[in-house]
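Heads up, the thing below is written out as structure tokens.
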Amino acid sequence: MFSKSKINDPSSSSDAKPAVPAAPASSSSPAPAPKSDLASSAPRPKAAPSVLSSDLTITGNLKTAGDIQVEGTVEGDIRAHLLTVGETAVIKGEIIADDVVVNGRIVGRVRGLKVRLTSTARVEGDIIHKTIAIESGAHFEGSVQRQDDPLNTGAKSSATATPVAKAEAAKS
């Protein structure tokens with residue numbers, strides 16, 4: 001099935017050169033070519049979220065187009081598509097994400113299209129959002145400001161910030 005290539009062999013005739021490459025090309029080349037074409041043109045499957053475990057401490061900024069779930073401590077800014085802050089997590093820095101779900105503690109500004117503070121959330125800082133949900137029992141100190149494009153850090157909006165001195169969602 002396999003034979004020595006005669007392409008670089010000076011003793012082979014010019015008639016043999018096209019015949020030898022044709023056989024490997026017809027038997028082995030078509031299979032790899034579609035795979036590489038398929039890999040580059042086909043949409044990639046959605047990656048699983050990156051999980052930072054509860055025993056992990058990171059000092060520095062994080063940036064991804066994907067999803068992050070933080071259970072540990074981060075001292076730095078985070079930019080992601082979806083950020084989930086676990087109950088044991090502590091983040092000290094600015095957060096910019098399309099979707100932010102806060103179950104733990106954040107000290108710093110939060111910018112998100114959709115921001116959700118659950119009943120276990122503790123946030124000390126301003127929240128700039130397009131939509132927000134604050135569950136009963138969440139603790140929040142800072143101001144809330146609605147913007148149509150909260151992810152654009154350079155944009156000034158005509159929306160007025162709503163200062164909140166020390167707010168705790170009313171328990172129903």
Side-chain angles (χ1 to χ4, degrees), residues 32 34-172:
K35 288 181 183 176
S36 65
D37 290 343
L38 234 160
S40 63
S41 64
R44 293 174 30 192
K46 186 176 179 185
S50 299
V51 179
L52 307 178
S53 67
S54 59
D55 63 341
L56 184 64
T57 298
I58 294 180
T59 302
N61 299 334
L62 303 175
K63 183 177 181 181
T64 181
D67 303 344
I68 300 178
Q69 179 177 340
V70 178
E71 298 295 336
T73 302
V74 176
E75 293 184 16
D77 300 340
I78 300 176
R79 185 173 193 111
H81 170 68
L82 166 65
L83 174 66
T84 305
V85 181
E87 287 188 34
T88 60
V90 177
I91 298 175
K92 295 180 180 179
E94 183 176 29
I95 292 172
I96 302 174
D98 293 335
D99 295 325
V100 182
V101 179
V102 183
N103 299 301
R105 183 170 183 228
I106 296 176
V107 178
R109 179 179 297 154
V110 177
R111 293 180 168 272
L113 294 174
K114 293 193 306 185
V115 178
R116 180 175 159 216
L117 306 182
T118 66
S119 60
T120 58
R122 305 291 179 259
V123 178
E124 298 173 33
D126 300 337
I127 298 176
I128 301 169
H129 65 90
K130 188 169 184 179
T131 61
I132 190 166
I134 303 175
E135 291 182 2
S136 176
H139 292 266
F140 171 63
E141 294 182 38
S143 67
V144 178
Q145 183 177 2
R146 187 198 176 284
Q147 288 185 359
D148 288 331
D149 187 12
L151 304 182
N152 187 356
T153 57
K156 297 288 181 181
S157 174
S158 61
T160 307
T162 306
V164 180
K166 286 191 178 180
E168 180 176 341
K171 295 184 181 182
S172 329

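Values reported hereafter were calculated over all heavy atoms of this structure, with side chains retained and with hydrogens, waters and symmetry mates removed. Note that the numbering runs from 1 along the sequence shown for the chain.
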Quiz item: From Ile132 CD1 over to Ile127 CD1, what is the distance, rounded to the nearest 0.5 angstrom?
Solution: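 These two atoms lie 4.0 Å from each other.
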
Quiz item: For the atom pair NZ (Lys114) and OG1 (Thr131), what is the distance rounded to the nearest 0.5 Å?
Solution: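 One gets 6.5 Å once the value is rounded to the nearest 0.5 Å.
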
side-chain hydrogen bond (donor to acceptor under 3.5 Å, both in side chains) partners of [X], counting only residues at least two apart:
{"X": "Asp77", "answer": "none"}
{"X": "Asp98", "answer": "His81"}
{"X": "Arg109", "answer": "none"}
{"X": "Thr64", "answer": "none"}

Quiz item: Under a 4.5 Å cut-off applied to non-hydrogen side-chain atoms, are Val102 and Val110 in contact?
Solution: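 Contact flag for Val102/Val110 side chains = no.
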
Practice problem: Under the salt bridge (charged side-chain N to carboxylate O under 4.0 Å, His left out) rule, collect the residues that match up with Asp67, sequence neighbours excluded. | Solution: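 By the salt bridge (charged side-chain N to carboxylate O under 4.0 Å, His left out) rule, Asp67 matches Lys46.
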
Practice problem: Given side chain to side chain contact (heavy atoms under 4.5 Å, CB included), test Asp148 with Arg146 step by step and report yes or no. | Solution: CA-CA 7 Å; Asp148 288 331; Arg146 187 198 176 284; 2.8 Å; yes

So, using side chain to side chain contact (heavy atoms under 4.5 Å, CB included) as the criterion, who are the partners of [X] when residues are at least two apart?
{"X": "Asn103", "result": "Thr84, Glu87, Val101, Thr118, Thr120"}
{"X": "Ser53", "result": "Asp55, Leu56"}
{"X": "Arg105", "result": "Val90, Val107, Arg122, Glu124"}

For the student: nearest non-hydrogen atoms of [X] and [Y], plus distance:
{"X": "Pro150", "Y": "Gly112", "answer": "CG-O, 3.3 Å"}
{"X": "Ala80", "Y": "Gly66", "answer": "CB-O, 3.7 Å"}
{"X": "His129", "Y": "Val115", "answer": "CB-CG2, 4.0 Å"}
{"X": "Ser136", "Y": "Ser119", "answer": "O-CB, 3.1 Å"}

Exercise. Evaluate the side chain to side chain contact (heavy atoms under 4.5 Å, CB included) criterion for residues Leu62 and Leu52: first the C-alpha distance (whole Å), next the side-chain angles of each, then the deciding distance (0.1 Å), finally the verdict.
Key: CA-CA 11 Å; Leu62 303 175; Leu52 307 178; 3.7 Å; yes

Exercise. Applying side chain to side chain contact (heavy atoms under 4.5 Å, CB included), run through Gln147 and Gln145 and close with a yes or a no.
Key: CA-CA 7 Å; Gln147 288 185 359; Gln145 183 177 2; 3.4 Å; yes

Show every donor-acceptor pair shorter than 3.5 Å between a side-chain atom in residues 68-76 and any protein atom, with sequence neighbours excluded, or say none if there are none.
| residue | atom | partner | partner atom | Å |
| --- | --- | --- | --- | --- |
| Gln69 | NE2 | Glu71 | OE2 | 2.8 |

